[in-house]
Amino acid sequence: MTLPAPAADVARASLLGFSSRLRDLLATLESAALVGQSEVRMRGLGEHLRFACLALPCAEALVALEVETLGRLSVPVVADAQGYRRATLEFLPSGTPFAYLLGGGGAHAAELGPDDPMIAALRPALATKPTAGIFVPIRIGESTIGGAALLAADTPLGDHHLEMAERLAEVLALTVESFRTEQMIFSLFARALPDLLGADAPTSLRESLAQYIHALRLGPTYKERLKLSLAVGKLCDRGPAEAMLCAEVLGRIDAYAASMGGVASYDGTP
């Protein structure tokens, strides 16, 4: 008679092969490097926009980029003169200055009312209420893939500021091109992952991950041993006197454990 497998065994079996396939995929795409590069690109966008706020009388600046296949724009970062912050805003370009930019329009400045509908879609990402803005297209090759908005509060923006914004857009385009390339690779990674984790996938990804998860779920006794080892190591690092003290204390503990029926003996090594 065959007995039903315990739930833990079933769960463990479901992970077989998962880890090694993930490791294979990560190695293939060098995703660890991509994660680092993605952070660098995000920081680059933020720093460029922050510089714009320092060079121009802008309270805030942001970029809005096309989202693949959705017909929407995404704002990944917003900056001011003090720094930048991540954003997760998405909106439809219709009714905003970005619709004009995506349609082939050039850089332009505009005055903004207190509740101007042109930037209503941007307000959730803004910390100020701008009264003027410069909107410049971001182009990669012959395609416009979004735009930058430089927003001022209680300060007019003139032709000189518009020229500076156009130069900034060229720098932003270089950073955005790399950013979008890495985002596309991650998108491909996400799409491929389910197939590579399937039970019939020709790799050992699930098994390796099962072992990795097992290591993460080590019992509390083992974790306490690691903590104790680290504590002893830090004390021994203070000098030879502390190391001798640790050896003496551990030796006494070992002798006590042996007298109580312990099995392992301490060799005196700190």
Side-chain angles (χ1 to χ4, degrees), residues 38 41-42 44-53 56 58-80 84-153 156-157 159 161-188 190-191:
S38 183
R41 304 304 180 193
M42 182 70 75
L45 283 174
E47 290 298 337
H48 289 322
L49 293 171
R50 177 174 177 267
F51 174 77
C53 293
L56 301 172
C58 295
E60 291 182 284
L62 58 84
V63 291
L65 308 174
E66 282 186 315
V67 179
E68 183 186 8
T69 73
L70 295 180
R72 302 171 68 87
L73 294 178
S74 172
V75 177
V77 63
V78 181
D80 57 26
Y84 67 91
R85 59 187 182 276
R86 287 179 175 271
T88 56
L89 177 66
E90 288 190 4
F91 62 94
L92 292 171
S94 179
T96 72
F98 297 101
Y100 172 72
L101 300 178
L102 292 171
H108 62 282
E111 294 184 359
L112 303 172
D115 296 306
D116 202 307
M118 281 201 306
I119 61 167
L122 301 178
R123 293 196 185 280
L126 300 178
T128 61
K129 292 185 177 181
T131 58
I134 291 178
F135 303 92
V136 292
I138 295 178
R139 296 188 176 97
I140 296 178
E142 300 298 322
S143 301
T144 301
I145 52 86
L150 311 176
L151 305 170
L157 297 173
D159 292 340
H161 301 135
L162 190 60
E163 292 177 5
M164 294 179 65
E166 289 178 320
R167 293 174 189 160
L168 172 69
E170 296 176 1
V171 177
L172 286 173
L174 296 175
T175 305
V176 167
E177 183 175 15
S178 298
F179 177 80
R180 280 171 60 87
T181 299
E182 286 143 13
Q183 292 299 103
M184 184 178 298
I185 292 176
F186 277 118
S187 176
L188 294 172
R191 293 175 185 177

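In this structure, CG on Leu56 lies 4.5 Å from CE on Met164, to the nearest 0.5 angstrom. Rounding to the nearest 0.5 Å places CG of Leu65 at 11.0 Å from CD of Glu90.
Across all non-hydrogen atoms, the minimal contact from Ala52 to Leu150 is CB-CD2, 4.0 Å. Closest heavy-atom contact between Pro137 and Gly105: CG-O, 3.9 Å. The minimum heavy-atom distance between Ala109 and Leu162, with the atom names listed, is N-CD1, 4.2 Å. For Pro93 against Ala99, the heavy-atom pair with the smallest separation is O-CB, 3.3 Å. Summarising the geometry of Leu49 relative to Leu62, their closest heavy-atom pair is CD1-CA, 3.8 Å, with the distance given to 0.1 Å. Considering every non-hydrogen atom in both Pro124 and Ala121, the closest pair reads CD-O, 3.5 Å.
For the pair Val63/Leu172, a side-chain contact is recorded, criterion being any heavy-atom separation below 4.5 Å from C-beta on. Leu101 is listed as a side-chain neighbour of Phe135, based on a closest heavy-atom distance under 4.5 Å. Taking 4.5 Å as the limit, some side-chain heavy atom of Leu102 sits within range of a side-chain heavy atom of Glu66. Residues Leu151 and Leu112 form a side-chain contact, since some pair of their non-hydrogen atoms from C-beta on lies under 4.5 Å apart. Looking at heavy atoms from C-beta onward, Thr144 lies in side-chain contact with Arg139 at the 4.5 angstrom threshold. Considering only heavy atoms from C-beta on, Val78 stays 4.5 Å or farther from Leu122 through its side chain.
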Check the pair Leu168 / Val136 against side-chain contact (heavy atoms from CB on, under 4.5 Å), numbers first and verdict last. CA-CA 9 Å; Leu168 172 69; Val136 292; over 6 Å; no
Show your working on side-chain contact (heavy atoms from CB on, under 4.5 Å) between Thr96 and Phe91 and close with a plain yes or no. CA-CA 10 Å; Thr96 72; Phe91 62 94; 4.1 Å; yes
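Here side-chain hydrogen bond (donor to acceptor under 3.5 Å, both in side chains) pairs that include residues 114-136, with residues two or more places apart or in two chains, are Glu60-Thr128.
Under a 3.5 Å cut-off, the side chain of Ser143 and the backbone N or O of Ile145 do not form any donor-acceptor pair. Checked by atom type and distance alone, the side chain of Arg85 pairs as donor or acceptor with a backbone atom of Ala125 at under 3.5 Å.
Aromatic ring orientation, Tyr100 versus His108: perpendicular (interplanar angle above 60°, classes split at 30° and 60°).
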